[in-house]
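Below: one structure, written as structure tokens.
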Amino acid sequence: MDENEFDRLLKTCRLSLAPEEKAQIKKDIDNIIEYFNTLSDAKCDDYAPAYQPIKVPPRRRKDAVEHFKETGKLLKNSKIYRFFIVGPKI
Amino acid sequence: MSQNISEFAKRPKPDNYYSELVKKVGELNQKFRMFSNINQDISFGLPFSVKDNICVKDVESTASSKILSGYLPPFNATAVDRLSTDEFGFLGKTKMDEFGFGTFGINCPEHPLNPFDERYVAGGSSSGSAVATAILKHHVSIAESTGGSISSPSSFCGVVGFTPSYGTVSRYGLIDYANSLDKIGVMARSASDARYVFDKMKGSDNYDTTCVDHGVSSLNKKKLVIIDQLVNGIDSEILGSFDRTVSKFEGMDYSVEHKSIPFIEKAIPAYYIISMAEASTNLAKYTGFKYGLKVGDFSKPYNDFFTEARSSFGIETKRRVVLGTFVRSASVKSRYYEKALRLRAMLIATLNDVLKDAFIISPSMPIKVPKVEEAMEMDPVKAYKIDYLTIPPNLAGLPHVSFPSDYIGGMPVGTQLVTNHFNDYAILDAVAEWEKSFKYKFKYEVGAL
């Protein structure tokens, strides 16, 4: 992976790395991708992708209104303003 | 009811039993660093600990990550909720590799150390759970495995580590690593204890649609299969020990057969591709304002704010986020991610065929317990390859159990049994049979009655 491609990837990941850490991770990632490439000669293209390891029957949670009264507990992990979680500007 | 749990319930306890237990656990925690949090108020039931990526109501749950520091879940994970009876008492949260990313238990600050000899690793990622189980006489730990996070530390710390079929225990309340691979399981000092706790935790759950309502069987055809590719490249002493273990099973009326699955080594890259792809999306929710760590400066633009929050990830987490994002990229998705999913389908079909009338047996880990500095110096590709015995059953969602089968140089060695989906009881029963003639060794018996 060249430097530009790696930088684009870091930007997509929202990761900012110090120069030393960046060099280390880039080297590791090149080696790991080379290892991932060994998968290319596996003869498995006749199989449908297995998104789950078992058959999961289609099941949905019941779409029903529930009155949850403990909103304070749900919000206690965040900075809040009235009933809203405060976040950064978009 | 399991022997340990029923005996514990029956035996009279001194009034100060729990306060003394907490005191002793606290002292040993200074040495072995297995708990991130100890419940000082435990006062009843069989003590159980919970891996730090499984939510316990109002108890800090961080998956050993700085980015979740201070996070207090307002609910219990279903597995924890089902143990919240008079029979069990919550003892504390156990340390782990950050988000489950590791084989040796060293990817977190102040990582746990092996209870047999603290110069050695505890294994990962459920490192703290294994150490706690090896130290406490009457106790079970709720752990979790994605690619071997129960078998590896169980083997290195000399305890029974049971990973159930995917979908038997609800993942609700688990801090996700990789949704299609994560399984909540049990560490204990005997197969019967593991089975008892598994029975309490399993069963469908409206909060996890992948948790299926499926019966669990115990079909044992008394046949073991050794996959030739899985015993190639194993440390010679581990291999010698494994041969002796297999001979003992033959003495227990098991027949043994060798089979070849030439592509099985491809399970390792396939596993890492799938797990990193899923992990990179799961970790996107840690934005620095909703859970745990707070960046605080809301005047920053969103991307800068998010980038600052993610700077608190450890190096292995950053590596996996980058790789997971890469393999999901539109230009390479079919080459890596979809190919890995197809490989998983082929692996499941092949293993199901092998397992229709046999268990697969292998060592749990291909190496002896490494020293901490040896594990720290290992490059990532080499470390990932160490998981090649635990990855196939995890990738296929198959139930498996690691149990102590030998001691080399005073350190434990584990053997792993794998069976087909939903035949979980069969391997636990086989280990219970093994335990009749093999006595496990523990250096500590904290809380013994």
Side-chain angles (χ1 to χ4, degrees), chain A residues 1 5-6 8-18 21-22 24-29 31-62 70-79 85-90, chain B residues 70-72 74 165-167 180-181 206-207 209-210 212 263 266 269-270 272-273 280 287 289-292 294-295 298-303 305-307 310-311 315 318-319 321-323 325-327 335-336 338-346 348-349 379-381 384 395-398 421:
Chain A
M1 191 182 298
E5 196 182 350
F6 189 62
R8 267 201 309 276
L9 196 54
L10 289 179
K11 198 174 170 189
T12 306
C13 298
R14 271 81 167 183
L15 283 175
S16 173
L17 306 177
E21 192 179 34
K22 186 177 169 185
Q24 179 62 52
I25 288 184
K26 165 111 179 37
K27 183 177 155 224
D28 291 341
I29 281 174
N31 289 338
I32 295 166
I33 290 173
E34 196 180 321
Y35 179 55
F36 284 176
N37 287 338
T38 62
L39 189 62
S40 64
D41 58 3
K43 293 180 174 47
C44 53
D45 292 345
D46 291 343
Y47 289 82
Y51 290 94
Q52 300 285 349
I54 57 166
K55 278 185 187 160
V56 177
R59 190 158 65 100
R60 300 273 186 277
R61 291 186 206 176
K62 195 178 172 189
E70 295 182 285
T71 48
K73 283 189 175 179
L74 278 181
L75 299 173
K76 73 182 173 188
N77 282 288
S78 312
K79 183 179 165 74
I85 293 172
V86 180
K89 293 187 290 188
I90 296 176
Chain B
Y71 172 59
L72 296 173
S165 298
Y166 180 86
S180 79
L181 293 155
N206 286 336
Y207 292 123
T209 53
T210 63
V212 293
F263 72 87
K266 307 286 185 195
Y272 276 102
I273 288 167
S280 63
T287 50
F289 65 93
K290 195 172 176 191
Y291 307 103
K294 305 292 182 293
V295 172
F298 292 114
S299 66
K300 285 186 174 180
Y302 185 79
N303 281 337
F305 187 93
F306 198 15
T307 302
R310 288 158 77 87
S311 67
I315 189 163
K318 288 174 183 169
R319 211 160 21 219
V321 167
V322 174
L323 279 161
T325 306
F326 171 71
V327 297
R335 184 172 160 195
Y336 294 108
E338 287 177 10
K339 182 91 180 182
L341 294 173
R342 291 180 198 280
L343 190 285
R344 168 152 74 179
M346 183 163 75
I348 292 169
D379 73 71
V381 173
Y384 296 170
L395 184 59
L398 295 165
H421 290 129

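Not measured: the values here are computed from a predicted model. So you know, we letter chains A, B, ... as the sequences are listed, proteins then strands, and number each from 1. Only this structure's heavy atoms are used, side chains among them; waters, hydrogens and symmetry mates stay out.
Only the side chain of B:Ala349 comes within less than 4.5 Å of a heavy atom of chain A; its backbone N, CA, C and O stay farther away. For B:Ile348, the part sitting under 4.5 Å from any heavy atom of chain A is the side chain, from C-beta outward, and nothing else. Contacts between B:Pro380 and chain A at a heavy-atom distance below 4.5 Å involve the side chain alone, from C-beta outward. With a 4.5 Å cut-off on non-hydrogen atoms, B:Asn206 touches chain A through its backbone and its side chain both. With a 4.5 angstrom heavy-atom cutoff, B:Ser299 touches chain A only via backbone atoms. Residue contact with chain A, scored on non-hydrogen atoms closer than 4.5 Å, involves the backbone of B:Ala396 exclusively. Looking at B:Val295, neither its backbone nor its side chain comes within 4.5 Å of chain A, counting heavy atoms on both sides. Contact annotation for B:Tyr336: both backbone and side-chain heavy atoms come within less than 4.5 Å of a heavy atom of chain A. Using a 4.5 Å cut-off between heavy atoms, B:Leu395 touches chain A through its backbone atoms (N, CA, C, O) alone. For B:Tyr207, the parts lying near chain A are the backbone and the side chain together; criterion is any non-hydrogen pair under 4.5 Å.
The salt bridge (charged side-chain N to carboxylate O under 4.0 Å, His left out) search around B:Lys290 returns none, not counting sequence neighbours. Every residue two or more places apart in sequence or in another chain was checked for a side-chain hydrogen bond (donor to acceptor under 3.5 Å, both in side chains) with A:Arg8, and none qualifies.
With A:Arg14 as the fixed residue, the side-chain hydrogen bond (donor to acceptor under 3.5 Å, both in side chains) test singles out one of B:Thr287, B:Asn303, B:Thr307: B:Asn303.
Ionic pairing of A:Asp46 and B:Arg342 is not present here: no N-O contact between side-chain nitrogen and carboxylate oxygen is shorter than 4.0 angstrom.
Side-chain atoms of A:Asn77 never come within 3.5 Å of backbone atoms of B:Gly292 as a donor-acceptor pair (strictly under, hydrogens ignored).
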